[in-house]
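I have placed the structure first, in the form of structure tokens, so that the comments after it can refer back to it.
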Amino acid sequence: MIRIRIAKLVFTFLMLSYNCYSVEIPTYSNSVVSQKDSATKAKITNFLDRGAVFLYKPESHKMDMDSAKSNFDRAYVLSKSINDENLKHKCLVYYGELLFEENNYPKAIEIIQKVIAYYKKTKQYKQEADLWAVQGKRLFWQSPRSFKTLEEAVICFDKGSLIYKNLGLLEKFAYFIKYKADAHLNQGRLDLAEKELFQILAVYKKIGFKKLHFTYDLLADVNRLKGNLGKSLYYSLACVKSMEKTGDFDYDADFYQQLAIAYKDIGKHNLSIEWLRKAIKTLKLKKEIDYYNLYEFTDLLAKELIEVKREKAALKQVQKIIREYPPQNDSGKAIILGSLAYCYNKNNQVKLAEANFKKMIELYEKSNAMYIIDLSKAYFEFGKFYEEHKNYDNARINFQKSLNFSKGIVELSQIKDANLYLFKIDSAKGNYIAAIKYFQRYKKLNDSIFNEKTNRQIGELQILYGLEKKEKELSNLKLDMDTEKGKRIQAQSTIKFGICIVVFLLVSILLFGISYQSKKKNNDLLISKKREIDQKNETLLKLVNEKESLMQEIHHRVKNNLQIVMSLLNSQSSTLKSKEAFDAIQKSQHRLYAISLLHQKLYRTDIIREIEMENYIHDLLYNFRDTFDMQHINFETDLHPLHLNEAQAVSVGLILNEAITNSIKYAFPDNQKGVILIVMKPLENSKVKLQIKDNGIGFPENFNTSSTLGINLISGLAQQLDGEASFFNDYGAVIDVEFIRKNIS
């Protein structure tokens, strides 16, 4: 069954995932793990990983099992040497897995139970649940299957799922409820399986889990076995839709086959063929081909091709698969032999057909038929073969064998058909009482299978299962008349449609021509406007460049003129004998230098009217060092990156000039050592703070801000900056100026 194959692949993946989990090793505050122990643990993990590679090979041989055991033995000895209980029990889990692979189930379960008891005692509940899952899945897949082993598997799933639920791991909880449902499905307890699958859907809805296709797949199986073919088709379609919606295409071929079977069951053979071809094509594109699925899909495709009277194509399809993908084991050979037998029979090669049927049955019985339904189908097909060729005794034996399975294991539609064949056989042999019993069973099953679908899709069922002969003839006659009428109407419609197309094309050509002329005219106008705009842009760019050059030339000339004035003042100062006059000229020189330096920076930059204040202030300080005897005074700065426009930069430069000159002259009498600190930084709301502070004697006690020209000049310059100047003592004189920075336009 598809559900079994999918579950087996998922099971293998989960087994590998479980055996690679990280052991949760309890830690204590007073324990120290030595480097030697860490190295030993790494070796143990390495041995376990190497052993797992041999253990989980797809086709394990004795040599592989021996290699796996050798690695596990070395890991166990090392774990005992460091007395690590978690690692010792992890090794035991691998021993249990090894025994499962060797089919020694009693000993394997004994070891797994020992580890489960340890995890329960040490409160490692997730590890306990994982091991219940391992044991349950091993029992689920034990061959040959029996009601008892499946029941034991259910007990394990119950215990593990309860722990997952208590831990809040609802996705794992639902996953193992699904395993329970699958076990009940294999036991034939279909109503219980269906109830559990609905429980899973409720949990998935609660946690927002989107990958519902595996659950829908099992629901499709349940309903097919119960004979609810409409529901089986519904869940098969829902399965494919969920797979495509979530983009989870790992098992797409299996789900396509499930949908193909659903279409086959309701007689939609062409749709079934379409989905089977898609399934086979998808399967061949997989990195690792599942040969069992490939043979089963091919078997179904061949039978569906025969249903639509393509017997030769069916035989060629099977022979092609045998050439390209030869069977590797007994289960694959059994499927292929059944396909060949069926095709040979329909191609009138009866002896070849019978020989292949016998070989198929022999292989299924030899392998104990892990998939019970496959053996049941094999008996059924062999019975059909004998019934067709009037060999009623052999036909009866095989049909009865096909029914000799637990209720719910075999598809209801197959049981129905087997009873119908037995009715025909007993009728032909004159066993009328037995024949009537078989017919009654057939009738009851047929009604139970098709009633629901009849109520929902009466029209489709009439097509699928036929009407009375007279009804068919009338229907065929009406169909022929409708076909002829339809052809006439179609011809008239084609002519009208052709005329409409011609008219539409003519109108379209006309509209296209008008639109083209209009667009061409607009395009020419746009090109003309673009040329005018480009010319204006070139003119404006030229004017801007000329303006920038002119501005730089002006700044350069202003700077040169100011330097000439400074030179004149310097020449004049050399002839002066009055100290007051000399100081006044020197102050004027510094003021002029501050302005001259500003213009020098403006004509040397491409960004007109913007001054980088940090470099500007440093250049002013260098000028003071060159002009005055500064051996006893040091400058310190705290300057943040800041740009001011030309007007504000001039005011700041003059304020600095006045403040620093006053500090140099008055703050440090008798050449005492001192420091002048200049701070300039941005504040909130576009404000700027400028502070000049020294550690000299400070302002006089009765200091008046209007007492000197320099102080008045600083206050006036602060007002020009739209700010305010403050003068106070703080272990020296402090001048604070706060002003609003203006945007540079």
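Counting heavy-atom neighbours within 6.0 Å of Q400 CD, excluding the residue itself, gives a total above 12. Around atom CD1 of I433, no more than 12 heavy atoms belonging to other residues, nucleotides or ligands sit under 6.0 Å away. Taking a 6.0 Å sphere around OH of Y234, one finds it holds 12 or fewer heavy atoms contributed by other residues, nucleotides or ligands. Annotation: F497, atom CZ; neighbour count of heavy atoms from other residues, nucleotides and ligands within 6.0 Å does not exceed 12.
Separating the CD1 atom in I425 from the CG atom in N391 is a distance of 9.5 Å, to the nearest 0.5 Å. Atom-to-atom distance recorded for R441:CZ and L403:CG is 8.5 Å, nearest 0.5 angstrom. From L337, atom CG reaches atom CD of E362 across 10.0 Å, with rounding to the nearest 0.5 Å. The distance from atom CG of L190 to atom CG of L197, rounded to the nearest 0.5 Å, is 10.5 Å. Here the straight-line distance linking atom OH of Y204 with atom NZ of K210 works out to 13.5 Å at 0.5 Å rounding. Going from atom CZ of F297 over to atom OG1 of T282 covers 9.0 Å, rounded to the nearest 0.5 Å.
Looking at heavy atoms from C-beta onward, L201 lies in side-chain contact with L219 at the 4.5 angstrom threshold. Contact of the Y216 side chain with the S242 side chain is registered, since non-hydrogen atoms from C-beta on lie closer than 4.5 Å. The closest side-chain heavy-atom distance from Y251 to D217 is not below 4.5 Å. Side chains of K384 and F399 form a contact here, defined as non-hydrogen atoms less than 4.5 Å apart. S518 is listed as a side-chain neighbour of N522, based on a closest heavy-atom distance under 4.5 Å. Using a 4.5 Å heavy-atom cutoff, the side chains of K519 and Y516 are not in contact. Two residues are said to be in side-chain contact when any heavy atoms from C-beta on lie closer than 4.5 Å; L218 and L185 meet this criterion. Between K241 and H213 there is no side-chain heavy-atom pair separated by less than 4.5 Å.
For the pair K286 and D290, the salt-bridge criterion is not met [side-chain N within less than 4.0 Å of a carboxylate O]. E388 has a carboxylate O that lies under 4.0 Å from a charged side-chain N of K346, or vice versa, which qualifies the two as a salt bridge. We find that E196 and K178 are not joined by a salt bridge, their nearest charged nitrogen and carboxylate oxygen being 4.0 Å or further apart. Residues E324 and K284 are paired through a salt bridge, judged by an N-O separation under 4.0 Å between the basic side chain and the carboxylate.
A395 and G383 get closest at one heavy-atom pair: CB-O, 3.5 Å. Contact record, A334 with L363: N-CD1, 3.8 Å, taken as the closest heavy-atom pair. Residue V222 comes nearest to A193 through the heavy atom pair CG2-CB, 4.3 Å, listed as atom of the first residue, atom of the second, then distance. When every heavy atom of I200 is checked against every heavy atom of A174, the shortest pair comes out as CG1-O, 3.7 Å. For the residue pair E387 and Y421, the shortest heavy atom distance occurs at OE1-CE2, 3.6 Å. What you find for F357 and G338 is that their closest heavy atoms are CE2-O, 4.5 Å.
Residues N398 and N394 have side chains that never bring a donor and an acceptor to within less than 3.5 angstrom of each other. Q258 and R224 form a side-chain donor-acceptor contact under 3.5 Å, judged by distance and modelled atom types alone. Of the N and O atoms on the side chains of E311 and N347, not one donor lies less than 3.5 Å from an acceptor on the other residue. Remark: the E365 side chain and the Y379 side chain contain an N/O donor-acceptor pair separated by less than 3.5 Å. Donor-acceptor pairing under 3.5 Å is lacking for the side chains of T246 and D248. Donor-acceptor pairing under 3.5 Å is lacking for the side chains of S232 and N223. Looking at E304 and S272, their side chains do bring a donor and an acceptor atom within 3.5 Å of each other.
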> Run the side chain to side chain contact (heavy atoms under 4.5 Å, CB included) check on L259 and C239 step by step: do they pass?
Replying inline: CA-CA 9 Å; L259 183 55; C239 173; over 6 Å; no
> Should K195 and D191 be marked as a salt bridge (charged side-chain N to carboxylate O under 4.0 Å, His left out) after you check the CA-CA gap, both sets of side-chain angles, and the distance that decides it?
Replying inline: CA-CA 6 Å; K195 181 181 177 182; D191 291 335; over 6 Å; no
> How far apart are the C-alpha atoms of I322 and L340, what are their side-chain angles, what is the distance that settles it, and do they pass the side chain to side chain contact (heavy atoms under 4.5 Å, CB included) test?
Replying inline: CA-CA 10 Å; I322 294 172; L340 283 173; 3.6 Å; yes
> Which is it for K180 and Q199 under the side chain to side chain contact (heavy atoms under 4.5 Å, CB included) test, yes or no, and what are the steps along the way?
Replying inline: CA-CA 11 Å; K180 265 182 65 179; Q199 180 189 358; over 6 Å; no
> When you look at L294 and I321, which way does the side chain to side chain contact (heavy atoms under 4.5 Å, CB included) test go after all the steps?
Replying inline: CA-CA 8 Å; L294 181 62; I321 289 295; 4.2 Å; yes
>> Set out, in order, the CA-CA distance, both residues' side-chain angles and the distance that settles salt bridge (charged side-chain N to carboxylate O under 4.0 Å, His left out) for E194 and K226, then state yes or no.
In response: CA-CA 10 Å; E194 187 174 33; K226 291 173 74 173; 2.8 Å; yes
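The main-chain N or O of F147 is found under 3.5 Å from a side-chain atom of Q187 such that the two form a donor-acceptor pair. Looking at N329, its side chain does come within 3.5 Å of a backbone N or O of G332 through a donor-acceptor pair.
Between Y179 and Y175, the angle of the ring planes goes over 60°, which puts this pair in the perpendicular group of the 30/60° scheme. Using bins of under 30°, 30° to 60° and over 60° for the plane-to-plane angle, the ring pair F214/F255 lands in the perpendicular bin. In this structure, F439 and F423 have tilted ring planes: the angle between them lies in the 30° to 60° band. A tilted orientation is assigned to the rings of W275 and Y256, their planes being inclined by 30° to 60°.
Side-chain rings of Y325 and Y295 stay apart, their centers remaining 6.0 Å or farther from each other.
V503 pairs with exactly one of I501, V507, L506 by the side chain to side chain contact (heavy atoms under 4.5 Å, CB included) rule, that one being V507. None of F385, Y386, Y392 except one satisfies the ring pair (Phe, Tyr, Trp, His ring centres under 6.0 Å) rule with H389; the exception is F385.
Cation-pi geometry between K303 and Y342 is met: the NZ or CZ atom falls under 6.0 Å from the ring centre, inside 45° of the normal.
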